[in-house]
Amino acid sequence: MSRVGVIGLGYVGLTTAVGLARLGHQVVGYDINESRVKSLSQGQSPIHEDGLEDWIGKCIADKSLSFTSDSAEFADAECDFLFICVATPQDKDGAADLSVVFNVAQQVAAFALPDSVIVVKSTVPVGTGAKIKEIIGRPDVQVASNPEFLREGTALLDFMEPDRIVVGAQSDSVSHKVLQLYSKISSPKVATSIESAELTKYAANAYLAMRLTFANDIAELSARSGAKVDDVLITMGLDKRIGPSFLKPGPGWGGSCFPKDTKALVLVASEFGVNLPLVSATVKSNEAAFVRAAESIAELCGGSLRGKTIAVWGLSFKAGTDDTRDSPALAIIEVLIGKGATVRAYDPIASAPTLEGLVQSHSAIEAAQGADALAVLTEWSEFTSEDPDLVAAAMKNAAVFDGRRILPKDWRTSFSSFRALGE
Ligand code: UDX
């Protein structure tokens, strides 16, 4: 059992804190946000994540997990490992803004125990760990990189049963010390350099984003050429060298990681004098996918969106989360509004941002009422159990765009116009 401090209690920090407590460690989570810490201490999760709130309650009850917003109390916790899990948002140029990470590094330098390890879990560009080591400036304190590969919606599962765990440090003994925290997890473990661990995270995200863009572009080509998109992509994925996952076409990818990490990778590569044209093209092509989806919706309305009311089902960037950061649904809604439409959107849990021309509905059927077209932009399974006849009857014009390819076959007959992405 080790004593672990986790700094930053967002998606990554909270999942890490709960996961490490479940692995038998004594964990204290720290965040400057007092109200977040207060509700966490009462067992309430600030984010919607499957199973997280239950586990917060259990770990508080067995005293393996506590939270504080008091920096002196956190410093007194005498942790063997301090995990940095603060956000690295995009700065105005698209690079990762590391100011919070560096700030935290400066603070922990003052109280870290001799022989303790500062573990960077925040997604940081290659070369950041070395800078953090410099900021900490203590030969008795080590720095390690242990990037996360958590998907929102399945974050706890991904923590407990990851495909791999990678830890980078200046020496193998430090990497192994950090890997020891995960000894109860049987997944493959890789001990490497800080730079390799840092770059692995960006390379993995950029590769997945590239793969999705490839699938989305092939979906568009299928639509125009008469090929069957599912047959093409599923058959492609049957090749063991390719594999089936992350080939499901959609109206573009989004979320809190792929958009910012692809852009940051292109920028950090250029600092090293390396061009990454595949990643740059992926970002551009994804933006084009949003416009393409809006054009498909416009076609269902006779070509023009001016004065039209569009019902949108789904606001979150994918199903299973209330997160709307860089959501494809919102990007498409903005294009629709920009072209003169009014949007009525419904999402089972996500909230609509304040946007002129966008109104949030309380139910799927309410959103569809009197609409000129319906667009399904997030793959919530509950949409598939709506009665297509009732939805079609509620609309002014029974036209639907299935941007996630989730609607059952009978929807095709209930609507006068039906268009699925890739067809
Ligand atoms: C991602 C990575 O998967 C995770 O390893 C990393 O640490 C953080 O970023 P997340 O942002 O939670 O996780 O979302 P993910 O499930 O990867 O989906 C990203 C986007 O791709 C979503 O917009 C999703 O709808 C889209 N997607 C995903 C598809 O369109 N088709 C697919 O087959 C899979």
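Both counts, for ligands and for their atoms, begin at 1 and track the order of listing. As the structure is a computational prediction, the values presented were derived from the model and not from experiment.
With respect to Ser285, the side chain to side chain donor-acceptor pair (under 3.5 Å) criterion is satisfied by exactly one of Asn216, Asp217, Thr213: Asp217. Of the residues listed (Val178, Asp172, Val174), the one engaging His176 in a side chain to side chain contact (heavy atoms under 4.5 Å, CB included) is Asp172, and it is the only one.
Between Phe317 and ligand 1, a contact under 3.5 Å exists for at least one N or O pair. At under 3.5 Å, not a single nitrogen or oxygen of Ser256, backbone or side chain, sits near a nitrogen or oxygen of ligand 1. Here's the thing with Phe149: one of its N/O atoms is less than 3.5 angstrom from an N/O atom of ligand 1. Polar contact with ligand 1: absent for Arg151 (N/O pair, distance under 3.5 Å). Where the criterion is an N or O separation shorter than 3.5 Å, residue side chain and backbone included, Gly255 fails it with respect to ligand 1. Not one N or O of Glu379 is nearer than 3.5 Å to an N or O of ligand 1, by distance alone.
Atoms of ligand 1 found under 4.0 Å from any heavy atom of Leu247, numbered from 1 in the order shown, are 33 (O).
The pair Glu220-Arg224 meets the salt-bridge criterion, since a charged nitrogen lies less than 4.0 angstrom from a carboxylate oxygen. Salt-bridge formation is detected for the pair Lys201/Glu148: a Lys NZ or Arg NE/NH1/NH2 atom is positioned less than 4.0 Å from an Asp or Glu carboxylate oxygen.
Residue Lys189 places its NZ atom among more than 12 non-hydrogen atoms of other residues, nucleotides or ligands, all under 6.0 Å distant. The environment of Phe149 atom CZ is dense: over 12 non-hydrogen atoms of other residues, nucleotides or ligands sit within 6.0 angstrom.
With a 4.0 Å heavy-atom cut-off, ligand 1 is reached by no atom of Arg325. Counting heavy atoms closer than 4.0 Å to ligand 1, residue Asn216 contributes nothing at all. At a heavy-atom cutoff of 4.0 Å, ligand 1 is contacted by the backbone of Leu150 but not by its side chain.
A donor-acceptor contact closer than 3.5 angstrom is absent between the side chains of Asp231 and Thr235. No hydrogens or angles considered: a donor-acceptor pair under 3.5 Å links the side chains of Ser256 and Glu152.
Closest approach of Cys85 to Val6, counting heavy atoms only: SG-CG1, 3.9 Å. Closest approach of Gly252 and Pro328 over heavy atoms only: O-CG, 3.2 Å.
If you check which protein heavy atom lies closest to atom 15 (P) of ligand 1, you get Lys318 NZ, 3.6 Å. Nearest protein neighbour of atom 25 (O) of ligand 1, counting heavy atoms only, is Arg404 NH1, 2.7 Å. Ranking protein heavy atoms by distance to atom 27 (N) of ligand 1, first place goes to Leu212 CD1, 3.6 Å.
For Cys257, the closest heavy-atom approach to ligand 1 falls below 4.0 Å.
By heavy-atom distance, the residue among Glu152, Lys201, Arg405, Lys248 lying nearest atom 30 (O) of ligand 1 is Lys248. Nearest-residue assignment for atom 2 (C) of ligand 1 (options Trp253, Phe246, Phe258; heavy-atom criterion): Phe258.
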